[in-house]
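Convention: sequence-line order gives letters A, B, ...; per-chain numbering from 1.
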Amino acid sequence: MLEITEGKEGQVTVLGLKGRLDVGSSKTLGDRLLKVMEAETKLVLDLSELDYISSSGLQVLLLAAIRAKDSNRSIVLASMKPQVKQILDYAGFAGVFQLTASVEQAAGNP
Amino acid sequence: MPSRILVVDDEPDLELLIRQKFRQQIRDKEFEFLFAHNGVEALEKLQEVKEIDIVLSDINMPEMDGLTLLSRLSEQGPVLKAVIVSAYGDMDNIRTAMNRGAFDFLTKPIDFNDLQMTLNKTLQEVVLLKQGLREHEQLVSIKQELDIASRIQQSILPREFNPPGGVPGYEIYAEMIPAKQVGGDFYDFFLIDADRLGFVIGDVSGKGVPAAIYMALSRAMLRATALRGLAPGDCLETVNSVLCLESDSGMFVTTCYCILHLRSGLIEYCTGGHQPPYVQRASGAAVEVLEGTGDMVVGMMGKMPYHTKKTSLKPGDSLILYTDGVTEAMNREEEFFSDERLAGLLQQVPGVSPRQIIEGVIGGVRAFSNGFAQNDDITVLALRYLGV
């Protein structure tokens, strides 16, 4: 199960992900990202309550990153738990996404 | 092809009447009518002419009546539908006919508009049934093809673990257990030259046939590139750019590619989106995780840099590569097998052969999941350096 919440940190839209991002929930997130990114030049994903991310979750985030790059937008992943951080590190996300420790930090950087 | 309708009635006039009333449909090859005068003749016609769609039958006939005929029609296969014609108000016979599987009924004298509508309605049912039957057959054949695909896939992965070319210096063993009939995990090993052994593990995103095709593609490309003798980082960089050109399917493979230098025990490796291997020391020291190179999953984004890191093995040391199907195997309580359990298990069996390590890990995962169905492939490869 994945719960997606939407909020603002200053001017920046923040999507909060809670629960598990896996084969059962990745399409929902993918569709949501597609929609939100149409309107935003910068998007922060708050991962502080995300417990797990599977390879289909990685795929959705990577596809979003490719789209963002092609259209000069940016996605920042913020505040992930150690186990999620480890998966993202193994997957080489540091080379593609900006990863920050907090949502404030993520929203602050241009 | 016209729809075939067998009309069974002992009244000789009916044939002429039907040919006349439906002459347009007969000319347009919409309907083809066949005629029989009792149940016995009808069964003979059914034997003789294949693919009759509807039997339109009277009830009162000599030799074999319509109700007896009805009870014999089920032998003709599931698609054939019967429409019964009875005397007006003969509810008993109509009820019996419906109980014996008639699809619909008409009353005499026949209203030809009503007959036309009834035939059309019945034919729609026949078309649906035929379609259902075809789809069922297709599913059966897909399942047979999947079984074949599964065997092909298992045969792609090396099952012979004696050192290729008889070159000594190491032992290797691996196992891949697909969650479905065909999986997206793979392993491979090959001699690059007299001093270098390449070995690799990979995990394709997604499941089923698409993942299996991508797996076969990426494994072949990796082996072909690796045999050129490139360092692991350079090898994955090349494979990544080629796979990105090949497909924009959004699929990717996470992989850990290692090279063992047989004389020195030096290991070069690159982790492209994959968890780094464990090292089990012959000394019995705590099991270590190698530091990954932190590089991107392979096949997703072109022009990414990939790096090579180095470590070294002493004789008796083992390297264990695995896919996340191992650490994310679940039990009924939905707990993961986890890195901690895997490390703990490897700690308990120092200095054993790769085959024993693999059997230990897979046995451990099986005991943990205790029959709970897994939704990811489980793959482990172990290499023990012996020295030369």
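The most heavy-atom pairs under 4.5 Å with chain A, out of B/P276, B/C256, B/S205, come from B/P276.
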* To do: Please assess A/Q59 against B/V297 for the test side chain to side chain contact (heavy atoms under 4.5 Å, CB included), listing each intermediate value before the final yes or no.
  => CA-CA 10 Å; A/Q59 185 180 22; B/V297 300; over 6 Å; no
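Screening residues 84-99 of chain A for salt bridge (Lys or Arg N to Asp or Glu O under 4.0 Å), with sequence neighbours left out, gives A/K85-A/D89.
Note: A/S55 OG to B/D376 CG = 6.5 Å, rounded to the nearest 0.5 Å.
Open room surrounds NZ on B/K303; 12 or fewer heavy atoms of other groups in view lie less than 6.0 Å from it. Residue-environment remark: NZ (A/K18) stays at or below the threshold of 12 foreign heavy atoms within 6.0 Å. Atom CD of B/E291 has 12 or fewer heavy atoms from other residues, nucleotides or ligands within 6.0 Å. The environment of B/K310 atom NZ is sparse: at most 12 non-hydrogen atoms of other residues, nucleotides or ligands sit within 6.0 angstrom.
For B/Y173, the ring-ring contact (aromatic ring centres under 6.0 Å, His included) criterion is met by B/F161, not counting sequence neighbours.
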N/O donor-acceptor pairs under 3.5 Å from side chains in residues 62-70 of chain A, not counting sequence neighbours:
none

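For a residue to count as touching a neighbouring chain, one of its non-hydrogen atoms must lie under 4.5 Å from one of that chain's; by this rule A/Q83 does not touch chain B. Only the side chain of B/D339 comes within less than 4.5 Å of a heavy atom of chain A; its backbone N, CA, C and O stay farther away.
Contact annotation: the side chain of A/Y90 never approaches that of B/H274 to less than 4.5 Å [non-hydrogen atoms, C-beta and beyond]. In this structure, B/M300 and A/V96 have side chains that are not in contact, with every pair of non-hydrogen atoms separated by 4.5 Å or more.
Listed in order of number, the residues of residues 319-334 of chain B that approach chain A to under 4.5 Å between heavy atoms are B/E328, B/M330.
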